A.B. asks: 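Input: one structure, supplied below.
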Protein chains: 2
Amino acid sequence: MARSSIHISGNLFGLILAVLESAPLHGYGIAREIEIRSSDALSFGEGTLYPALRALEQDGFIEARWDTSGTGPAKKVYELTPDGKAELARIREAWRDYSRSIDQVLGGLPKMQSA
Amino acid sequence: MARSSIHISGNLFGLILAVLESAPLHGYGIAREIEIRSSDALSFGEGTLYPALRALEQDGFIEARWDTSGTGPAKKVYELTPDGKAELARIREAWRDYSRSIDQVLGGLPKMQSA
DNA sequence: GTAGTATACATCGATTACCGATGTAGCGGT
DNA sequence: ACCGCTACATCGGTAATCGATGTATACTAC
């Protein structure tokens with residue numbers, strides 16, 4: 001279950017929306033999927049996850065429906081709305097700007113920039 | 001002086017140490033230099049800067065001396081210590097890991113990855 | 001049948017980082 | 001004389017998120 005890696009700090013909403021872009025998924029599954037996609041580098045607990053999902057839902061970026069069909073406890077399955085897709089695009093752009101800026105100031109080995 | 005851009009969120013110490021790697025500099029100048037290097041994308045106020053400098057000094061990553069030689073108010077000039085240089089290397093590595101992980105999950109256009 | 005484990009939801013208080021406002025003061029220009 | 005820039009510093013508030021805790025369902029093993 002891989003807790004105790006680096007924390008999320010600011011990108012949580014984007015990560016959730018990005019996972020939901022591939023397919024609708026329930027909360028618990030979103031957290032697991034983020035761990036998988038990041039090779040266990042990014043991880044967070046329920047106290048971080050559920051409030052974030054509620055905020056995204058209130059903003060109209062995702063929509064929820066209950067799925068009681070499967071086995072186990074009922075699942076609240078979230079789906080990306082058109083607004084959410086637009087928000088994801090904005091977040092991606094902001095992240096790219098931000099990380100490029102940090103790279104610029106932080107320096108170290110350059111990332112094979114174009115001439 | 002160029003406030004109101006994106007915030008720093010987690011990388012403040014690294015940015016300061018990276019600037020000091022080039023040359024010793026005083027607090028106010030560090031803030032200006034970060035703005036310049038990031039093309040005004042990264043910016044923060046005094047309430048963010050000075051507490052960070054004090055924390056870095058307490059951790060032994062930077063050392064301060066007063067410079068009263070120049071014109072204007074006295075300047076507190078900070079210099080990177082060997083420990084600070086090591087810490088900067090750690091921060092650079094952590095940032096690279098972190099941003100790579102976010103890229104992986106966030107997706108969008110890939111950054112011209114190696115085959 | 002009941003104990004343990006994994007799934008799955010949810011809330012709450014504490015912590016941390018950061019921002020914005022405010023204050024002091026020296027110096028240069030008009 | 002006053003404004004604006006440099007340069008230091010502190011303080012209170014806020015937002016993000018972490019950790020702990022609680023509830024419930026279902027499968028597996030004994």
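Letters go in sequence order (proteins before strands), and every chain restarts at 1. Just so you know, these numbers come straight off a predicted model, no measurement behind them.
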A.B. asks: In terms of the nearest nucleotide of DNA chain C, which residue is placed more toward the 5' end: A:T48 or A:G72?
C.D. replies: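 Final value for this comparison: A:G72.
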A.B. asks: With the threshold set at 4.0 Å, does a side-chain nitrogen-carboxylate oxygen contact exist between B:R100 and B:D97?
C.D. replies: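 Salt bridge: yes.
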A.B. asks: Pick the closest DNA chain D nucleotide for A:G47 and for B:Y50 by heavy atoms, then say which residue is nearer the 5' end.
C.D. replies: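 The residue mapped nearer the 5' terminus is B:Y50.
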A.B. asks: Can you confirm whether A:E93 sits close enough to A:R96 that some side-chain heavy atom of one is under 4.5 Å from a side-chain heavy atom of the other?
C.D. replies: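 The answer is no, as the side chains (C-beta and beyond) never meet within the 4.5 Å cut-off.
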A.B. asks: Please check if the side chain of A:S38 supplies one atom and the backbone of B:S101 the other of a donor-acceptor pair under 3.5 Å.
C.D. replies: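 No; zero donor-acceptor contacts below 3.5 Å.
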A.B. asks: Between A:T71 and D:dC27, does any side-chain N or O lie under 4.0 Å from OP1 or OP2?
C.D. replies: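 Checking D:dC27 against A:T71, a side-chain N or O does come within under 4.0 Å of OP1 or OP2.
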A.B. asks: Just how far, in rounded Å, is P of D:dT6 from CG of B:L25?
C.D. replies: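 Taking atom P of D:dT6 as the reference, CG of B:L25 is at 13 Å.
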A.B. asks: Please report the distance, rounded to the nearest Å, between CG in A:L53 and P in C:dC9.
C.D. replies: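 Atom-to-atom, A:L53 to C:dC9, this comes out as 8 Å.
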A.B. asks: Let me know the distance between CZ of A:F13 and P of D:dT17, rounded to the nearest Å.
C.D. replies: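 One finds 7 Å between P of D:dT17 and CZ of A:F13, rounded.
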A.B. asks: Let me know the distance between CG of B:L49 and C1' of C:dT22, rounded to the nearest Å.
C.D. replies: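 Roughly 16 Å, once rounded to whole Å.
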A.B. asks: Answer with base, sugar-phosphate or nothing: what part of the nucleic acid does A:G27 contact at a heavy-atom distance below 4.0 Å?
C.D. replies: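 If one applies the 4.0 Å heavy-atom cut-off, A:G27 turns out to touch the sugar-phosphate alone, with no base involved.
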A.B. asks: In whole Å, what is the span from the NZ atom of A:K76 to the P atom of D:dT23?
C.D. replies: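 Value for this atom pair: 19 Å.
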A.B. asks: Tell me the interatomic distance from A:H26, atom NE2, to C:dA10, atom P, rounded to whole angstroms.
C.D. replies: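 Result: 12 Å.
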A.B. asks: Any Lys/Arg nitrogen of A:E57 or A:R54 sitting under 4.0 Å from an Asp/Glu carboxylate oxygen of the other?
C.D. replies: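 Result for this pair is no, no salt bridge flagged.
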A.B. asks: Send over the distance from A:Y28 OH to D:dA26 P, rounded to a whole Å.
C.D. replies: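 Taking atom P of D:dA26 as the reference, OH of A:Y28 is at 16 Å.
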A.B. asks: Distance check: side-chain N/O of B:K75 vs OP1/OP2 of C:dG26, anything under 4.0 Å?
C.D. replies: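 Answer no for this pair, as no side-chain N or O of B:K75 is under 4.0 Å from OP1 or OP2.
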A.B. asks: From C:dA8, D:dC8, D:dA26, pick the nucleotide closest to the side chain of B:E46?
C.D. replies: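 When the side chain of B:E46 is considered, D:dC8 is the closest of C:dA8, D:dC8, D:dA26.
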A.B. asks: Out of C:dG26, C:dC18, D:dT10, which nucleotide sits closest to the side chain of B:P73?
C.D. replies: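 Shortest atom-to-atom distance from the side chain points to C:dG26.
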A.B. asks: So, does B:R37 use its side chain to make a donor-acceptor pair with the main chain of A:Q104 at under 3.5 Å?
C.D. replies: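 No: the side chain of B:R37 does not pair with the backbone of A:Q104.
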A.B. asks: So if I take every side-chain heavy atom of B:Y78 and compare against D:dC18, D:dT10, D:dA9, which nucleotide ends up nearest?
C.D. replies: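 The answer is D:dA9.
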A.B. asks: Roughly how many Å is it from OH in B:Y98 to C1' in D:dT17, rounded to a whole number?
C.D. replies: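 Computing the B:Y98:OH to D:dT17:C1' distance gives 12 Å.
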A.B. asks: Between B:G10 and B:G70, who's closer to the 5' end of DNA chain C by nearest nucleotide?
C.D. replies: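 The residue closer to the strand's 5' end, by nearest nucleotide, is B:G10.
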A.B. asks: So, is B:R32 near the phosphate of D:dC5, with a side-chain N or O under 4.0 Å from OP1 or OP2?
C.D. replies: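 Looking at the OP1 and OP2 atoms of D:dC5, neither is under 4.0 Å from any side-chain N or O of B:R32.
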A.B. asks: Would you mind telling me which of C:dC18, D:dC18, D:dC8 lies closest to the side-chain atoms of B:L12?
C.D. replies: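 Of the options given, the side chain of B:L12 lies nearest C:dC18.
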